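To start, the structure under review is shown below, and the notes come after it.
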Amino acid sequence: MSVSPSQKRVALLVIGLVVLFAPALFVLATLEFLILSGNLALNEISLLEFVELYLIDLVLFVLPGYGVYRLTFWLIQDQLPDALDTVDGTEAAGATDETETTGTASEEQS
């Protein structure tokens, strides 16, 4: 099943929006917690501090996400084919053993 170019664009758009807005949601949740706990008044934070907090959250959100992506890509590209070859080899050896056993049993019955 192939994916159309419009579906790829929508997927990229959704991923981009998540990368862009997820850190902003974390910043807002952090600010809301600090305001409700009484440790921060909204008029105490400047626009520059808000942008700085957003950029820090963006980096802390994107770097682990990219690390997980690279780890998954490495596992699928490098480790999975070797594991599948091992499984295929084991299944082929098991099938050969079964045929030899079955073939011997049918010859003895004749």
Side-chain angles (χ1 to χ4, degrees):
M1 178 179 201
S2 64
V3 179
S4 69
S6 62
Q7 289 175 332
K8 288 181 182 179
R9 287 184 189 147
V10 170
L12 286 175
L13 178 66
V14 168
I15 291 170
L17 289 175
V18 166
V19 166
L20 189 64
F21 288 121
L25 293 175
F26 290 135
V27 167
L28 291 176
T30 303
L31 290 175
E32 187 64 30
F33 174 76
L34 290 174
I35 289 170
L36 289 176
S37 66
N39 293 334
L40 178 72
L42 194 55
N43 59 1
E44 291 177 4
I45 190 164
S46 68
L47 180 62
L48 182 62
E49 290 171 333
F50 182 76
V51 170
E52 180 182 339
L53 186 59
Y54 172 77
L55 291 175
I56 290 170
D57 278 353
L58 182 65
V59 168
L60 292 177
F61 180 76
V62 170
L63 288 180
Y66 181 73
V68 167
Y69 164 76
R70 293 301 299 173
L71 177 65
T72 304
F73 187 74
W74 175 74
L75 287 173
I76 289 173
Q77 187 177 16
D78 295 338
Q79 303 300 319
L80 188 61
D82 295 338
L84 289 176
D85 290 342
T86 304
V87 169
D88 288 341
T90 305
E91 288 177 356
T96 305
D97 291 343
E98 277 184 27
T99 358
E100 290 175 1
T101 307
T102 309
T104 308
S106 62
E107 289 175 4
E108 291 175 2
Q109 290 177 355
S110 305

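Reckoned from all heavy atoms, side chains included, excluding hydrogens, waters and symmetry mates. What you see is a predicted model; the values in this text were computed from it and never measured.
Leu20 and Phe61 end up in the same hydrophobic cluster when Ile, Leu, Val, Met, Phe, Trp and Tyr side chains are linked at under 4.5 Å. Hydrophobic clustering, with ILVMFWY side chains joined whenever heavy atoms are under 4.5 angstrom apart, groups Val18 together with Leu28. Each of Ile56 and Phe21 belongs to its own hydrophobic cluster when Ile, Leu, Val, Met, Phe, Trp and Tyr are linked at side-chain heavy-atom distances under 4.5 angstrom. Note on Phe26: it clusters hydrophobically with Phe33, by side-chain heavy-atom contacts below 4.5 Å among ILVMFWY residues.
In terms of the side chain to side chain contact (heavy atoms under 4.5 Å, CB included) criterion, residue partners of Leu31 (sequence neighbours excluded) are, by chain and number, Val27, Leu40, Ile45, Phe50, Leu53. For Leu13, the side chain to side chain contact (heavy atoms under 4.5 Å, CB included) criterion is met by Leu17, not counting sequence neighbours. Remark: Val51 pairs with Leu47, Leu55 by the side chain to side chain contact (heavy atoms under 4.5 Å, CB included) rule, at least two apart or across chains. Checked against side-chain hydrogen bond (donor to acceptor under 3.5 Å, both in side chains), Thr72 has no partners two or more places apart in sequence or in another chain. Under the side chain to side chain contact (heavy atoms under 4.5 Å, CB included) criterion, Val62 pairs with Val19, Leu58, not counting sequence neighbours. Applying the side-chain hydrogen bond (donor to acceptor under 3.5 Å, both in side chains) rule to Ser4 yields the partners Ser6; only residues at least two apart in sequence or on another chain are considered.
Judged as a side chain to side chain donor-acceptor pair (under 3.5 Å), not a single pair has a partner in residues 45-66 (not counting sequence neighbours). Residues in residues 7-25 take part in no side chain to side chain donor-acceptor pair (under 3.5 Å) pair, two or more places apart or across chains. Applying the side chain to side chain donor-acceptor pair (under 3.5 Å) test to pairs two or more places apart or on separate chains, those with a residue in residues 20-38 are Ser37-Asn39.
Val59 belongs to a hydrophobic cluster whose other members, connected by ILVMFWY side-chain contacts under 4.5 Å either directly or through intermediates, are Leu63. Hydrophobic cluster membership of Val68, counting Ile, Leu, Val, Met, Phe, Trp and Tyr whose side-chain heavy atoms lie under 4.5 Å apart directly or via other members: none, as it forms a cluster of its own.
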